[in-house]
Amino acid sequence: MRIFSGKSILIRFLLLLMILLCIFLCPIRVGYGMTINGHNIGLVNNRNEAESIMNTILRETNRQAPSLRLDLCFISPDTQTDIASLLEAARQASGITTEYITEVHTVPFTQKKCESDALFQGEQSIAVQGQAGNKSVVYKVIRLNGDVQSKEIISETILTPPIEEVVSVGTKPLPTGVGTGVFRHPLETIAVSSSYGVRWGRNHTGVDFAADTGTKILASDHGIVSFSGEVSGYGKLLILDHQNGYETYYAHCSSLNKEVGEKISAGDVIALVGSTGNSTGPHLHFEIRVHGKATDPMPFLLNH
């Protein structure tokens, strides 16, 4: 049996007292050593700080989680953690790089319309020519092992402002007899009996609308009567010149209600359906000609 001397006991007591004094005078607390992908990142005070750093890493890597280890350790109460430095170290350990790039982009111009009594209704003209501008855009680009994960706009600076385009829109009433370019159906009830195009080996230059003899034929748009009489094949024919490059033909009529030179408004009764000329039965042969060339009337009529 070993017997401790009084001196030995005193020494042990003094050592214990010194330890207790150190603990009392220099208290310690629990923290964590943070390691990512085998790289020592540093100390964090608690798991909340570690989770904050990891959530940022997960967001920047589109949820691609690196290897994380937290080791329990003791740290001094006055130890201050630099979250920004720890986050940057975590990025490097995770293969994340951040760069800022500047690009120049076009800024499209806008357009506004202003009424003008110097132009006729339906007319437009450019009063101020629009011009695109350009701007400098700074992006924050985050890459993971070289692959772009995100591209975020940090700032935009207008280098050259765009010039707004101003379009004048006419409000002046059209002179009598001038067409609008918008065509209404020439009959109240529409029943197509023969379409535009090749028919019986020949080009059919209009559309035939079946109707009873005496049915009212209406002007498809404003115009001036340029012909009212009989033509071989067409029978009784009325032609309206709309004074805008368009003409409309109304053929095989039983009677013509308007004379050459009369100014007509859209919807006016100009003739009655018949079966004159080369016709197998009562109907209206209707044509739209653009600068003298016959074209299919249906797209004009169907759109309005």
Side-chain angles (χ1 to χ4, degrees), residues 119-124 170 172-304:
L119 300 174
F120 288 113
Q121 295 173 1
E123 290 183 333
Q124 293 186 0
K172 184 165 64 173
L174 290 168
T176 305
V178 176
T180 63
V182 177
F183 296 92
R184 57 160 294 163
H185 287 287
L187 299 176
E188 292 292 348
T189 302
I190 297 299
V192 177
S193 58
S194 185
S195 301
Y196 174 89
V198 177
R199 184 185 66 172
W200 304 329
R202 299 176 59 185
N203 187 36
H204 186 225
T205 56
V207 176
D208 291 345
F209 298 114
D212 294 334
T213 299
T215 300
K216 295 178 181 179
I217 299 173
L218 312 176
S220 189
D221 194 5
H222 310 313
I224 295 178
V225 179
S226 60
F227 182 85
S228 182
E230 291 200 29
V231 175
S232 176
Y234 281 104
K236 291 184 178 181
L237 170 69
L238 188 142
I239 300 175
L240 286 182
D241 180 359
H242 302 286
Q243 302 186 84
N244 55 6
Y246 290 98
E247 291 179 303
T248 47
Y249 283 48
Y250 309 80
H252 305 308
C253 303
S254 60
S255 66
L256 305 173
N257 296 3
K258 302 296 180 180
E259 301 293 332
V260 172
E262 286 192 57
K263 294 179 179 179
I264 306 299
S265 296
D268 286 353
V269 178
I270 55 176
L272 301 178
V273 170
S275 185
T276 57
N278 296 337
S279 172
T280 58
H283 70 281
L284 168 65
H285 174 87
F286 177 74
E287 295 182 15
I288 292 180
R289 298 199 177 197
V290 183
H291 299 296
K293 184 177 180 180
T295 187
D296 186 358
M298 293 309 294
F300 294 92
L301 300 178
L302 292 176
N303 290 335
H304 303 288

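Quick caveat, the model's predicted, so the values are computed rather than measured. Scope of the values below: all heavy atoms of this structure, side chains included, with no hydrogens, waters or symmetry mates.
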Does the side-chain contact (heavy atoms from CB on, under 4.5 Å) test come out yes or no for Glu262 and Ile224, once each step is laid out?
CA-CA 6 Å; Glu262 286 192 57; Ile224 295 178; over 6 Å; no
Verdict with supporting geometry, Ser220 and Leu240, side-chain contact (heavy atoms from CB on, under 4.5 Å)
CA-CA 9 Å; Ser220 189; Leu240 286 182; over 6 Å; no
Starting from the C-alpha separation in whole Å, work towards a yes-or-no answer on side-chain contact (heavy atoms from CB on, under 4.5 Å) for Met298 and Tyr196.
CA-CA 8 Å; Met298 293 309 294; Tyr196 174 89; over 6 Å; no
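None of Val269, Leu238, Val225 except one satisfies the side chain to side chain contact (heavy atoms under 4.5 Å, CB included) rule with Asn257; the exception is Val269. Exactly one of Ile270, Leu237, Ile217 qualifies for a side chain to side chain contact (heavy atoms under 4.5 Å, CB included) with Cys253. That residue is Ile217. When each of Val182, Thr180, Thr248 is checked for a side chain to side chain contact (heavy atoms under 4.5 Å, CB included) with Asp221, only Thr180 meets the rule.
Counting all heavy atoms, side chain and backbone alike, Ala211 lies closest to Thr215 at CB-OG1, 3.9 Å. Glu230 and Phe227 make their closest contact through O-CZ, 4.0 Å (heavy atoms, listed as atom of the first residue, atom of the second, distance). Residues Asn244 and Gly179 share a closest heavy-atom pair of ND2-O, 3.3 Å. Shortest non-hydrogen contact noted between Val178 and His222 is O-CB, 3.3 Å. Across every non-hydrogen atom of Ile264 and Ala219, the tightest pair is CG2-CB, 3.5 Å. What you find for Pro297 and Val207 is that their closest heavy atoms are CD-CG2, 3.6 Å.
Atom NE2 of residue His204 and atom NE2 of residue His285 lie 4.5 Å apart, to the nearest 0.5 angstrom. Rounded to the nearest 0.5 Å, atoms NZ (Lys293) and CD1 (Ile288) are 15.0 Å apart. In this structure, CG on Leu272 lies 8.5 Å from NZ on Lys216, to the nearest 0.5 angstrom. With values rounded to the nearest 0.5 angstrom, Thr205 atom OG1 is found 3.5 Å from Glu287 atom CD. For the atom pair CG of Leu301 and CG of Asp296, the computed distance is 9.0 Å after rounding to the nearest 0.5 Å. The distance from the OH atom of Tyr246 to the CZ atom of Phe183 is 6.0 Å, given to the nearest 0.5 Å.
Looking only at side-chain heavy atoms (C-beta outward), Phe209 and Val273 stay at 4.5 Å or farther from each other. When side chains are defined from C-beta on, His252 counts as touching His283, because their heavy atoms get closer than 4.5 Å. The closest side-chain heavy-atom distance from His185 to Leu218 is not below 4.5 Å.
Between Tyr250 and Phe286, the gap from one ring centroid to the other is short of 6.0 Å.
The 12-atom threshold is not exceeded at CG of Asp212, counting heavy atoms of other residues, nucleotides or ligands nearer than 6.0 Å.
Between the side chains of Asp208 and Ser193, no donor N or O sits under 3.5 Å from an acceptor N or O.
Counting only distance, with no hydrogens or angles, the side chain of Lys236 and the backbone of Ser254 share a donor-acceptor pair below 3.5 Å.
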